[in-house]
Every structure is written in C-alpha cells, then in structure tokens.
Amino acid sequence: MNKAVKSLPNGDSKLVMAHMYVAFTALLVGATMGLIQTLERSGAITLPAGISYYQILTVHGVVLGLVLTTFFILGFMLASQSKTTGGFNKTERTIAWIGYWMMLVGTLSAATMILLNEATVLFTFYAPLQAHVLFYIGLALVIVGSWLDGFVMFKRHARFRKENPGEKTPLLSFMGVVTMLMWQIASLGVAITVVFQMIPWALGWVETIDVLLSRTLFWYFGHPLVYFWLLPAYMMWYAIMPKIIGGKIFSDSLARFTFILLLLFSIPVGFHHQLTEPGIDPFWKFIQVILTMVVVIPSMMTAFSMFATFEARGRELGAKGLFGWLKKMPWKDARFLAPFIGMLFFIPGGAGGIINASNQMNQVVHNTIWVTGHFHLTVATTVMLTFFGIAYWLIPSLTGRIFTKTMNKWAIVQTILWTVGMTIMSAAMHWQGLLGGPRRSAYSEYAGNADTAAWGPYQMAQAIGGSILFLGMIVMIIIFVYLAFFAPKGEEEFPVAEPSEKAEKPSKVFENWPLWIGITCALILFAYTIPLIDIIQSAPPGAKGFKLW
Ligand code: HAS
C-alpha cells in the first residue's frame with residue numbers, strides 16, 4: 001500500500017479540513033433546500049407542517065451564500081498560504097482554531113433559529129423583518145471569527161517578509177492578504193448594523209430601527225461580499241490554473257495589480273443595490289454607478305490574463321490561430337474543466353452585472369428573478385465550479401490520498417450536471433425576470449391568480465434545472481467523502497504555478513499596505529460620508545420589527 005503524503009504540515013491540514021467539513025455539509029443542506037424551493041415555486045409540491053417557502057429560502061441563502069462560501073474560502077486561503085510560505089506556527093494555528101470555533105458556534109446558533117422559524121429573514125436579513133437575537137449574535141460571531149483567520153493571514157505574510165528580506169512574497173499569500181483586507185474593511189459595515197442596530201432592537205432595548213441606515217450599512221458590506229466569493233476563484237485562475245495546464249503565470253505583476261484594484265474599488269459601490277430606494281440622493285447613486293463600472297476593469301484584466309495564459313500554453317504545444325489553444329487544453333482533467341466552465345459562465349454573468357449596474361436598466365430588472373439568475377451564474381456557477389475544481393486536488397492532497405481516474409470521471413459528470421442544470425435554471429430565471437417575474441415569490445402566494453399560468457413554464461424549467469443541480473450536488477458530496485476518507489493513500493499534487501520568465505518582476509509598491517489601505521479608506525469616505533450624514537439627519541421615525549411568516 002502507498003504511503004500517505006500530505007501537502008501541508010499535519011496541523012495545517014487538520015485546520016483546513018475542519019473548514020472543509022463544514023463547507024461541504026453546508027452544500028448538502030443548502031442545495032437540498034434549493035431543490036425544495038424550486039419545486040415549491042413550480043407548484044410541484046406543497047410544503048408540509050406549516051413550513052414556509054421563505055424559511056426554506058432563508059436556509060438556502062444563509063447556508064450556501066454565507067456558511068459554505070466563508071468556510072471554503074478561509075480553508076482554501078489558509079491552505080494556499082501555508083503551502084507557499086512554509087506553514088503556520090503554533091500561535092497562528094491557535095488563533096485560527098479560535099476563529100474557526102467562533103464561526104462554527106455562530107453558524108449553529110443562526111441555523112437553529114432559522115430552523116425554529118425564529119429567523120425567517122432571508123440571507124439579506126433586511127429590517128424591519130426581525131429575527132431572534134441569537135440569529136444576529138450568531139452572525140456577529142461568524143464575522144469576528146473570520147477576522148481572526150484574517151489576522152493569521154496578515155501575520156503569516158508579515159513573518160514571511162521579515163524572514164525573507166528583499167524576496168518577492170508568494171503570490172497566493174499576497175492575494176489572500178488582499179482578500180482578507182477587503183473583507184475586514186467591508187464587514188465593519190455589517191458588524192455595525194448587527195451590533196448597534198439589530199441586536200438592541202431584537203432584545204427590545206429600542207423599539208424601532210432606522211431601516212435605510214441598516215440597508216445602507218448592509219450593502220456597504222454586500223457588494224464586497226460578492227468579491228470575497230470571487231477573489232479566491234481568481235486566486236485559483238491566476239496562480240493554480242496555469243500549473244494544471246502545464247503553463248506559467250502570464251504576469252505576476254498584473255495579477256497583483258488586479259487584486260489591488262479590486263481592494264480599492266469593490267467597497268464604495270454598495271448603492272448599486274439600492275438604486276430604486278428612496279432617501280439616497282441620486283447624485284451619490286450616480287457616483288457609485290461610475291465606481292461600479294471602474295470595478296469591472298480588474299475583471300476585464302483577469303479575462304485578458306486568462307486568455308493570455310491559455311494562448312501562451314497552446315502555442316507552446318503547437319497551436320495556431322486565435323482560438324487554436326482550445327484544442328490543446330486538458331479537457332479530460334476535471335481540475336481544469338470545472339473552473340474553465342466557471343470562467344465561461346462568467347462572461348454572461350459579468351455582462352448581466354453590468355446591465356444591473358447600468359442605472360436606468362436596473363429599473364427593469366431590480367427585484368425581478370433576473371437578479372436571482374445573475375447570481376446563480378456568478379456565485380453558484382463561476383465561483384462554485386472553481387471551488388469544486390479546487391476540491392478535487394486540495395482534499396486528497398490534505399488527507400494524503402489521490403484523486404483517482406475513476407473520481408476524475410465522476411468529477412467530469414458532476415461538472416456536466418452542474419453546467420446543464422444551471423444553464424436551464426438561470427436562463428429561465430433571466431427570461432422570466434425580463435418579463436417582470438418577481439424574485440422571492442412563493443407559489444402558495446400567487447396560486448390561482450393569472451400569474452400562475454403566466455409564470456408556469458418558467459418555474460417548471462427552473463424546477464427541472466434545479467433537480468439536475470441537486471443530482472450534481474449529490475455527486476459532489478460523494479466525491480468529497482471519497483477523497484476525504486476512502487481514496488487510496490498516496491501523494492496528490494498541490495499545484496502552484498510559476499510566473500513566466502518573460503514577465504516583469506512585481507514592483508515593491510504592491511507591498512505598500514499603508515498606501516493601499518489609505519486610498520481604500522479615502523474612496524470609502526468620499527462615496528459614503530455625505531450620503532450617510534444625509535440618511536441619518538433626514539431619518540424618518542424608525543420602523544417597528546415584524547414577522548411575515
Ligand atoms: Fe452582481 C446583484 C452588479 C459581479 C453576486 N450580484 C447581485 C446579487 C448577488 C451578486 C448575490 O449593479 C444579489 C444580491 C441580492 O440578494 O439582492 N455584479 C454586478 C457587477 C458585477 C457583478 C457590475 N455579482 C458579481 C459577482 C457575484 C455577484 C462576481 C458573485 C460572485 N450585481 C450587480 C448589481 C446588482 C447585483 C447592480 C443589484 C441588482 C438589483 O437591482 O438588485 C461585475 O463585477 C461583473 C464583472 C465581470 C466581468 C466578466 C469578466 C469575465 C471573465 C471570464 C473570462 C473567461 C475566460 C474563458 C478567460 C466583466 C473574467 C474564455 C473561454 C472561451 C472559450 C471564450
């Protein structure tokens with residue numbers, strides 16, 4: 001029997017795997033709820049025992065959008081930093097474990113309240129919908145726990161710089177630091193609304209809540225939240241994908257520059273989620289629409305960089321013409337196929353985002369199921385397929401097992417199921433949204449009225465797509481369990497790419513953290529100070545909390 005060889009020091013492997021167990025349990029629970037809700041929306045089933053569509057939707061959104069993503073991302077970033085810097089020391093590991101347990105306790109607390117129907121407030125938990133105080137305390141714990149993981153990454157990066165003076169820092173560690181900086185600065189917004197507005201209100205210490213202020217603080221956090229999901233996928237595309245295809249990173253500097261731009265511009269844009277909301281001066285909405293268009297640029301740079309990586313590798317292998325590289329890619333390798341399809345989906349997903357952000361066009365799509373289609377393309381396909389692609393090598397490399405040929409075949413099946421399911425479901429969502437179909441509407445709410453007939457075919461298509469996705473989820477869980485516990489022992493590669501020799505060395509300015517944090521804060525102050533003063537000064541009487549379901 002082969003010897004188990006782990007890609008990280010034992011303590012770090014355990015820490016990362018602890019994150020992965022929670023992430024994949026969340027996938028199982030959350031995706032099952034996804035199936036149930038598409039079946040309810042299509043009228044195929046009626047929920048038993050007084051369970052509401054909105055309760056299921058809350059579990060789906062919170063567990064997939066907040067729990068799965070946060071645990072997977074932190075686990076992956078800790079793993080890639082440990083791999084490229086040489087591992088964590090005891091203090092760093094202990095802090096990360098404390099963060100992990102805080103997040104887990106917080107998750108369990110919030111989940112219990114949702115299951116008891118005491119927190120049916122959807123993943124955005126907009127006031128004046130009110131949840132049990134333990135839901136908010138749970139969320140606060142998740143956020144503070146994640147900050148601890150972030151501090152560990154900052155500390156490890158700084159220690160690498162100290163121990164290796166003059167040396168370039170590892171790209172994956174740099175990217176992890178940028179992602180966590182963005183996360184820490186952004187999550188201050190949601191922490192403030194949860195701690196200072198929602199918890200006192202849920203405890204009954206204050207009777208009312210300033211709704212617009214809480215929504216503004218939420219969306220100050222909400223857009224960078226979607227980049228917190230995206231950036232780890234970009235880490236994989238820039239720094240791991242080239243190795244999987246046998247190539248080199250097109251440019252280390254370009255990758256770092258992209259991440260810095262994402263840090264600077266992903267926060268001062270939250271108003272693009274509030275374009276239809278009264279109470280915010282249109283001038284400031286317009287400023288944030290412009291800033292949103294600016295934050296599209298680093299994604300365009302990523303597209304360019306990925307094309308360059310693929311093309312350079314293709315030419316090395318003898319490809320000719322503009323798209324000749326397509327023939328040279330390792331299509332039968334699920335570690336490549338899954339993230340690549342994720343990239344492909346980001347072309348319509350990103351285009352949809354630009355439509356959403358385009359001020360007047362937002363009036364057409366806002367609060368329609370188009371938006372749900374948009375985020376199923378972006379986070380549920382681009383990001384998730386990339387995360388699945390990561391799991392195929394990360395899990396066995398952490399457990400000292402191998403990603404067998406049979407599992408690779410299953411992983412290709414899972415990628416196909418996900419692609420087909422999501423194509424059907426998100427196309428139907430986009431189409432129905434363009435016709436004005438509302439998002440977040442239960443079948444039980446409109447059964448019997450004219451809408452039932454109008455939306456029927458679209459909801460049915462979503463249920464079919466959702467069922468295929470459910471199968472894809474089951475296959476993914478089987479692969480995960482196999483790779484974690486049953487695959488043959490051995491050594492699985494943790495792929496980390498090298499930059500191309502032709503590329504320029506990255507400038508030292510990228511490590512000038514006070515500069516980048518300073519500009520980020522200046523942009524936030526510019527975009528938010530005046531509108532926030534305005535919102536607070538002109539606040540109407542606060543709203544009382546209520547429960548809809
Ligand atoms: Fe979004 C709503 C605008 C990106 C997620 N978004 C949401 C919500 C979520 C979400 C969850 O302006 C709903 C929130 C809620 O519950 O209310 N979004 C944007 C814009 C972008 C964008 C401008 N969103 C994302 C990403 C997400 C995400 C990424 C998750 C990960 N979004 C909005 C707006 C709303 C919104 C409004 C509010 C709507 C409303 O009214 O409520 C941009 O960042 C997109 C830029 C992306 C690109 C694509 C680059 C393409 C690449 C792939 C290259 C492919 C290759 C392969 C190399 C410009 C990098 C090629 C191979 C070949 C063979 C061709």
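Whatever order the structure lists them in is the order used to number ligands and atoms, beginning at 1. Residue numbers count from 1 along this sequence.
Applying the ring pair (Phe, Tyr, Trp, His ring centres under 6.0 Å) definition to pairs two or more places apart or across chains, those involving residues 342-383 are Trp370-His430.
A cation-pi contact links Arg215 to Tyr126, judged by a cut-off of 6.0 Å to the six-membered ring centre and 45° from its axis.
The minimum heavy-atom distance linking Gln288 with Val269 is given by the pair OE1-C, 3.0 Å.
Side-chain contact check for Trp237 and Thr302: no donor-acceptor pair (N or O, by modelled atom type) lies under 3.5 Å.
Between the side chain of Gln55 and the backbone N or O of Leu115 there is at least one donor-acceptor pair closer than 3.5 Å.
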What does the contact table look like for ligand 1 (nitrogen or oxygen on each side, cut-off under 3.5 Å)?
from, atom 1, to, atom 2, distance (Å)
ligand 1, 6 (N), His374, NE2, 3.0
ligand 1, 12 (O), Ala357, N, 3.1
ligand 1, 16 (O), Arg439, NH2, 2.8
ligand 1, 17 (O), Arg439, NH1, 2.9
ligand 1, 18 (N), His374, NE2, 3.2
ligand 1, 24 (N), His374, NE2, 3.1
ligand 1, 32 (N), His374, NE2, 3.2
ligand 1, 41 (O), Asn362, ND2, 2.8
ligand 1, 41 (O), His366, ND1, 2.6
ligand 1, 42 (O), His366, ND1, 3.1
ligand 1, 44 (O), Tyr227, OH, 2.3

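Shown are Trp229, Tyr227, Phe228; of these, the ring pair (Phe, Tyr, Trp, His ring centres under 6.0 Å) with Trp183 is made only by Phe228.
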